[in-house]
Amino acid sequence: MHTRIVSVPDEKSIADAAKLLENGGLVAFPTETVYGLGGNGLDAASAAKIYSAKGRPSDNPLILHLSSAEEAEKYAYTCPTYYKLAMAFMPGPLTVILKKKPIVPLCTTGGLETVAVRVPAHSVARALLAHCDFPVAAPSANISGRPSPTRLEHVIEDMAGKVDMILGGGECEIGVESTIVSIDGEHLTLLRPGAITPEMLAPFCASVCLDPSLERPLTKGETPLAPGMKYKHYAPRADVILLQGSEEEVLSFMKAEYQKQGVGILCSEKQKQSLGGENVMSYGAELCDEARTLFACLREFDHREDVRIIYAPQPRRDGIGLAVYNRLAKAAGFTVKNVKEQ
Ligand code: TXA
Ligand code: MG
């Protein structure tokens, strides 16, 4: 399939993209979190095409992208808590699970009676949605199991030849996928951590509890509340191992290891400065830098065929750190090495 790539979309190319979606085509587009792989969310055949382009199991439901919070009325049963969240965080990196209306095909929701809705903030996504009189179903635009794409080149790497069109929009500002919550009256459950943190959600509800599978591996027979969270995700080719210990212990472990054959290190800018070395990669100074560059770093390690093991200090879990920890822990299959024992 020929894929039209437009790095800097204008009004005309965005209108073309909306037309392609309307006619059952697939268009990858930027959002403030990660790039999405869009199709018409009311068309079962488009959902099937999305699953096939990603190589994704079809029981993994898709998020409906909308141009406004109110548009959710057409596709789902809303509630007062939904509107409190919408007022505070939409447009933005928040996805809410609601009971679906019959108009949404079960193919889009992976067979569930609920549907995920989100109003993205990125200007290209908003312009595209403004041209569509249907919701745009969009998972992250990566091949299933690979790190989500945060730059146009990542989308081209994974999706060229598999979709009709790719729209560019620079590097995604946030870099980890949206926060997902489900609502029960005034109570929220966090299904996937993201830039909208539990601390930020707290003022708009009675309580926020975390799906326990976010911080530890699933036990046999257990299923996470977001079906997609059960798959091995965000996986680079090398094995990822998280390092636990004091700052000094972790640094001295990395000092002993970083020059060894096959070893890569993913750490803070400060730690990198005191190590140096070809396969030592920094993902920034602040938690938000770590979130923004995490997936690009994991993809970069994939290009270094000599790296077979990646050590990364275990990230902090406050603020957006919980999202970084969750993605990295999943890339590591929750493998943690306690360096105190050395
Ligand atoms: O930031 C994002 O959310 C990006 C951009 C493109 O918007 N999209 C994204 O989609 O991350 P995806 O398909 O890669 O992840 C969607 C997650 C999956 O874990 C899926 O299981 C969960 O949302 N999900 C979708 N609908 C659901 C539902 N009805 N109930 C529970 N979880 C749901
Ligand atoms: Mg994804």
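Worth saying up front: this structure is predicted, and the values here are computed from it rather than measured. One-based numbering, in listed order, for ligands and for the atoms of each.
- Test Leu112, Val117, Thr109 against Lys100 for side-chain contact (heavy atoms from CB on, under 4.5 Å) and you get one pass: Thr109.
- Residue Lys54 has no N or O atom closer than 3.5 Å to an N or O atom of ligand 1.
- Residue contact check: Leu112 has heavy atoms under 4.0 Å from atoms 28 (C), 29 (N), 30 (N) of ligand 1.
- Taking every heavy atom of Glu177 and a limit of under 4.0 angstrom, the matching atoms of ligand 1 come to 1 (O), 2 (C), 11 (O).
- Residues Ser178 and Leu94 are not in side-chain contact: their nearest non-hydrogen atoms beyond the backbone lie 4.5 Å or more apart.
- Geometrically, Lys337 does not engage Tyr311 in a cation-pi contact defined by less than 6.0 Å to the ring centre and at most 45° from the axis.
- Remark: Arg317 qualifies as a cation-pi partner of Tyr325 under the 6.0 Å distance and 45° angle criteria applied to the six-membered ring.
- A donor and an acceptor atom, one from each side chain of Ser207 and His187, are located under 3.5 Å apart.
- Ligand 1 has a nitrogen or oxygen under 3.5 angstrom from a nitrogen or oxygen of Thr114.
- Under a 4.0 angstrom heavy-atom cut-off, Arg192 registers as being in contact with ligand 1.
- Nearest to atom 24 (N) of ligand 1 by heavy-atom distance, out of Pro61, Gly110, Pro93, is Pro61.
- Judged by distance alone, the side chains of Glu157 and His303 do bring a donor and an acceptor atom under 3.5 Å apart.
- Ligand-side atoms of ligand 1 in range of Ile97: 27 (C), 28 (C), 29 (N), 30 (N), 31 (C), 32 (N), 33 (C), range being under 4.0 angstrom from any heavy atom.
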